[in-house]
Peer 1: 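After the structure tokens below, expect a handful of questions from me.
Keep in mind that this is a model prediction, so the values were computed, not measured. Chain letters run A, B, ... following the sequence lines, proteins first, then strands; residues in each count from 1.
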There are 2 protein chains.
Amino acid sequence: MLSHSTGWREVSRAAPVFAALGDETRLALVARLSSEGPLSITRLTAGSAVTRQAITKHLDVLATAGLVSDLRRGRERIWELEPRQMEVARTYLEHVSKRWDEALGRLKKFVED
Amino acid sequence: MLSHSTGWREVSRAAPVFAALGDETRLALVARLSSEGPLSITRLTAGSAVTRQAITKHLDVLATAGLVSDLRRGRERIWELEPRQMEVARTYLEHVSKRWDEALGRLKKFVED
DNA sequence: GTAACATGCAACCATGGGATTGCATAAGAC
DNA sequence: GTCTTATGCAATCCCATGGTTGCATGTTAC
């Protein structure tokens, strides 16, 4: 993909975040962490249908996207939400919506003239 | 995955939308459609590095997620943004952030008591 | 009607992603 | 010290996905 006028920098920053959120299991993990607060891997696994290892991999994906972070407490590993990174995705959507409205405005003006 | 107390319905609705947005090529398509307005397949292909067929497939993915819609104009197929579906993703992120804040609030109260 | 253009359809290929199983290691509990 | 619990690591499997090429079909232009 060539560098394009339409904010390519933003695209390549936001896409991985969306990709990380674009899986039901991961989105459910984000939901649980947001409502129940920081949780260990085994606790997160207990509420899910898949294996602990699968959950671990999903958490790694979320961590790579900057959506969660971990800290060690004794023998367990606690994961918590990193809501700042979700802002990247949210503002991106707002940005797109806004430009779309502007495009509609231009079209309307064009038709009227 | 078991039906869980944490808004599973919402999760399974929002995940496909995030998944559709989680690809650089597709996100770039969304960006172009938002800034330039409705465009045909060939026009969209012209600004991209991949094949027309690849672009078509990506548009199909976006359409399945409800993010774009198409209409025929003569021999060409015009694609335009469907910003309503992006609201689903945006409100989901807001929802998660809000619950996270509440969780922090509960934690703070717990520590203080 | 014929040429050029826009798109559709189908087969194919390579890679990555989601999930599993089995075993190893580290840290509390007693 | 031993047992149990929480996690890490690695190999493996299956399938979805992103991309391609080649050819067919429909539509506009002249």
Peer 1: Once you build an axis from the first five pairs and another from the last five of the helix from C:dG1-D:dC30 to C:dC30-D:dG1, how far apart in angle are they, to 10 degrees?
Peer 2: 30°
Peer 1: Salt-bridge test for A:R90 and A:E94: reply yes if a basic N is under 4.0 Å from a carboxylate O, no otherwise.
Peer 2: yes
Peer 1: Under the rule for side chain to side chain donor-acceptor pair (under 3.5 Å), what residues qualify as partners of A:E102, not counting sequence neighbours?
Peer 2: none
Peer 1: Name the residue closer to the 5' end of DNA chain C, choosing between A:G74 and A:G22 according to the nucleotide with the nearest heavy atom.
Peer 2: A:G22
Peer 1: Provide the start and end nucleotides, 5' to 3', of the part of DNA chain D that has atoms under 4.0 Å from heavy atoms of chain B.
Peer 2: D:dG18 to D:dT28
Peer 1: If the threshold is 4.0 Å, N to carboxylate O, is there a salt bridge linking A:E87 and A:R84?
Peer 2: no
Peer 1: With sequence neighbours excluded, what pairs up with A:E82 under the side chain to side chain donor-acceptor pair (under 3.5 Å) test?
Peer 2: A:S69
Peer 1: Please confirm whether the backbone N or O of B:L62 pairs with a side-chain atom of B:R26, one donor and one acceptor, at under 3.5 Å?
Peer 2: no
Peer 1: Short question: side chain of A:S48, backbone of A:T45 - any donor-acceptor pair under 3.5 Å?
Peer 2: no
Peer 1: Should the heavy atoms of other residues, nucleotides or ligands under 6.0 Å from CZ of A:R77 be counted, would the total exceed 12?
Peer 2: yes
Peer 1: Whole angstroms only, please: what is the CG-C1' distance between A:L59 and C:dA19?
Peer 2: 15 Å
Peer 1: Looking at CG of A:D70 and CD1 of A:I41, how far apart are the two atoms once the value is rounded to the nearest 0.5 Å?
Peer 2: 8.0 Å
Peer 1: Linking directly or through intermediates, with side-chain heavy atoms under 4.5 Å: list the remaining ILVMFWY members grouped with A:V61, chain and number order.
Peer 2: none
Peer 1: Quick one: is C:dG18 close enough that its OP1 or OP2 comes under 4.0 Å of any side-chain N or O from A:R26?
Peer 2: yes
Peer 1: Nearest 0.5 Å please: distance from the OH atom of B:Y92 over to the CE atom of A:M86.
Peer 2: 9.0 Å
Peer 1: Tell me, for nucleotides 4-13 of chain C in 5' to 3' order, what letter each nucleotide earns: B for a base near a protein heavy atom under 4.0 Å, S for only sugar-phosphate near one, - for neither?
Peer 2: BBSBBB----
